[in-house]
Amino acid sequence: SACTCASQKVFISRHSLGFDGARYEESSIFSKLKKIFKNSVCTYEDDLPETFEEGFSKYAEIKNDASVLSNTLREVFENNPDYKKRIIALNNNALRIERRVDSDIVKKLFGNTLHLSASKVEVYNKCPLSYFCKYVLGIKKLQKAELDSMQRGTVVHYVLEKVIGDAGANFVNLTENTIDELVDKTMEDYLKSVGGRDVLKTLEFEFAYREMAKTLKILLKYMVLQFKNSDFVPDAFELNINSKDGSVPSLVLEFNKGEKLSLSGQIDRVDVLKLEDGRELVRVIDYKTGSKEFHLSDVLYGQNLQMLIYLYILCKVEGSPYAGMEPAGILYMPSKRGTATQSSSNSLAMNGMILNDSDVITAMDKSGEGKFVFKPPKSERLGNPTITGEDFSVVFDFLENKLKETAKHIKGGIFDLTPCDGRTDSACKYCDFKTVCAATEDLEHSYVEGAYPTEIINKMKEAKGYGMD
């Protein structure tokens, strides 16, 4: 029981949850008070912080909301000597943007050799602070255990590798019924190996499972037609690039006079073409369960590099079984749910960047109709470019310098809040670390500017050897 004689306001609190997590209904006194003071009652149902540290974390999350709670917390911390410096730093835009790590700490973190993957390079160039949170601090967003978010890409890669790899040269002779049976069996084998059936027995899972099986069946039937209409032959699946235990050695580059960058990864599929004149060419295929389109302009900004890095490693790294082969191109194969309803659909045609050589283009798609690989344009366009062998050399030289530049910045302890938006995506829109940087809408972004391939190649030539050695 309580008795009060308020001069301004009365605050009445109650438990919304019990210790067991069960939600409590409000007592009758709350209902009565709301009726009596119906024009003067303000309810606040969110969980309020109970300690100063909880309060500070809450303020960092909602400081841009201009809410009553946000303003109250700011006032509390501005008048608390233990938090005054922290609140100033949090609200100081300049300090928020520049994030640097001491050289001694950087050396302890990375040593003399910086180990990277293509995806890490892309993340850093999209936003250095995001790289720091994800790969240095090791912060991870909690994920629901559901097929669509955690396992879809893995299952797709697993099924394609097993069905095509096990069939070998006989893959092009598989019937539609055989493909249906192989997909069902391979998916079941995968789910049993990870305990998926036991963990994810929900209607939502069953729907996603059936839809993915349907997509994989369509995709594999399409690939049978694709291989029949191509002289390129699949040579490797899930090819591991790693100097320790990979089929292809890691890419090792020197920078900063003695420091090294070691880059490893895994390629979904490698295809090889052998022409009658003795030329040998190699292309890299990537299965994409999401939307992906290649723009050469992205490479200028250190984005969309993964496939080019892999092709560079295959063709240039000593010890690679493909060293010395000509680069034929990089291609994304769409494999997301709903991509097509039948294997004859042109929506399954691969997109990317290929060598501007009539023999090679014909070898990729004998139909000449853009059914299996995008149809080369008659005039220049921004996406899906075709470039010459000389242009590929320019791209590779630029790529090598860009990798050294990225490594130099990481080893320099530069992890600033400087997001760079891609051609089709925002650096911040789906970032897992929004609450860490508390980026506002007025935060300045750089962005990838669209340009035609000839313009980009010229810019790469101008940038060649710009002091990264």
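Because only heavy atoms are used, hydrogens play no part in the values below, and waters and symmetry mates are left out as well, while side chains stay in.
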Stepwise side-chain contact (heavy atoms from CB on, under 4.5 Å) test for Val121 and Leu263: CA-CA 9 Å; Val121 173; Leu263 198 145; 4.1 Å; yes
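- With hydrogens and angles ignored, the 3.5 Å screen pairs a side-chain donor or acceptor of Asp416 with a backbone N or O of Arg99.
- Using a distance-only test at 3.5 Å, with no hydrogens or angles considered, a donor-acceptor pair links the side chain of Ser230 to the main chain of Ala363.
- A salt bridge links Asp189 and Lys185; the closest N-O separation between the charged side-chain nitrogens and carboxylate oxygens is under 4.0 Å.
- Annotation: the span from Asp180 atom CG to Leu216 atom CG amounts to 11.0 Å, rounded to 0.5 Å.
- Ring-plane geometry between Phe110 and Phe415 is classed as tilted, the angle between the planes lying from 30 to 60 degrees on a 0 to 90 degree scale.
- Looking only at side-chain heavy atoms (C-beta outward), Val395 and Tyr312 stay at 4.5 Å or farther from each other.
- Salt bridge Glu462/Lys459: absent, no basic N to carboxylate O contact under 4.0 Å.
- Here the side chains of Pro385 and Phe294 are in contact, with some heavy-atom distance below 4.5 Å.
- The one candidate from Lys107, Lys411, Lys408 that meets the salt bridge (charged side-chain N to carboxylate O under 4.0 Å, His left out) condition with Glu259 is Lys411.
- Between Glu122 and Lys134 no salt bridge is recorded (no basic side-chain N to carboxylate O distance below 4.0 Å).
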side-chain contact (heavy atoms from CB on, under 4.5 Å) between Val394 and Asp397, intermediate numbers included: CA-CA 5 Å; Val394 173; Asp397 286 343; 5.8 Å; no
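- Taking the centre of each ring, Tyr447 and Tyr301 stay at or above the 6.0 Å mark.
- Glu53 CD: more than 12 foreign heavy atoms inside a 6.0 Å radius.
- Residue Asp359 holds its CG atom at 7.0 Å from CG of Asp277, rounded to the nearest 0.5 Å.
- For the side-chain contact (heavy atoms from CB on, under 4.5 Å) test with Val183, the passing option among Lys217, Glu188, Met212 is Lys217; the others fail.
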Salt bridge (charged side-chain N to carboxylate O under 4.0 Å, His left out) assessment of Glu54 paired with Lys58: CA-CA 6 Å; Glu54 283 184 20; Lys58 185 69 176 178; over 6 Å; no
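- Asp421 places a side-chain N or O within donor-acceptor distance of the main-chain N or O of Ala427, the cut-off being under 3.5 Å.
- Distance check: Tyr222 OH to Met350 CE gives 6.0 Å after rounding to the nearest 0.5 Å.
- Ser320 places a side-chain N or O within 3.5 Å of a backbone atom of Leu314 that can act as its donor or acceptor partner.
- A donor-acceptor pair under 3.5 Å links the side-chain atoms of Asp365 to the main chain of Lys371, judged by distance alone.
- Of the candidates Asp268, Asp357, Asp235, Asp271, Arg283 forms a salt bridge (charged side-chain N to carboxylate O under 4.0 Å, His left out) with just one, namely Asp271.
- No more than 12 heavy atoms of other residues, nucleotides or ligands lie within 6.0 Å of NZ in Lys260, so this atom counts as exposed by the packing criterion.
- Between Asp432 and Lys140, none of the side-chain N atoms (NZ, or NE/NH1/NH2) sits under 4.0 Å from a carboxylate O, so this pair counts as no salt bridge.
- Side-chain contact check for Tyr310 versus Asp286: every heavy-atom pair is 4.5 Å or farther apart.
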From CA spacing to verdict: side-chain contact (heavy atoms from CB on, under 4.5 Å), Phe433, Leu129: CA-CA 9 Å; Phe433 311 109; Leu129 182 59; over 6 Å; no
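- Considering SG of Cys315 and CZ of Phe396, their distance stands at 5.0 Å, rounded to 0.5 Å.
- Leu239 places none of its side-chain heavy atoms less than 4.5 Å from the side chain of Gln266.
- Looking at Arg269 and Leu160, their side chains never come closer than 4.5 Å, going by heavy atoms from C-beta outward.
- To the nearest 0.5 Å, the span separating CG on Leu308 from CG on Leu399 amounts to 6.0 Å.
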Asn401 vs Glu405, side-chain contact (heavy atoms from CB on, under 4.5 Å): CA-CA, chis, key distance, verdict: CA-CA 6 Å; Asn401 279 337; Glu405 179 189 52; over 6 Å; no
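- Residues Tyr135 and Ser117 form no side-chain contact, since every pair of their non-hydrogen atoms from C-beta on lies 4.5 Å or further apart.
- Here the side chains of Val163 and Met223 are not in contact, with every heavy-atom distance at 4.5 Å or above.
- The only option from Tyr287, Tyr190, Phe237 that meets the ring-ring contact (aromatic ring centres under 6.0 Å, His included) definition with Tyr158 turns out to be Tyr190.
- The main-chain N or O of Leu355 is never found under 3.5 Å from a side-chain atom of Glu326 such that the two would form a donor-acceptor pair.
- Using a 3.5 Å distance cut-off with no hydrogens or angles, the side chains of Ser70 and Ser67 do not pair a donor with an acceptor.
- Between Phe398 and Ile457, every side-chain heavy-atom pair lies at or beyond the 4.5 Å cut-off.
- Of the inter-residue distances, the one linking Leu116 atom CG with Thr406 atom OG1 reads 8.0 Å to the nearest 0.5 angstrom.
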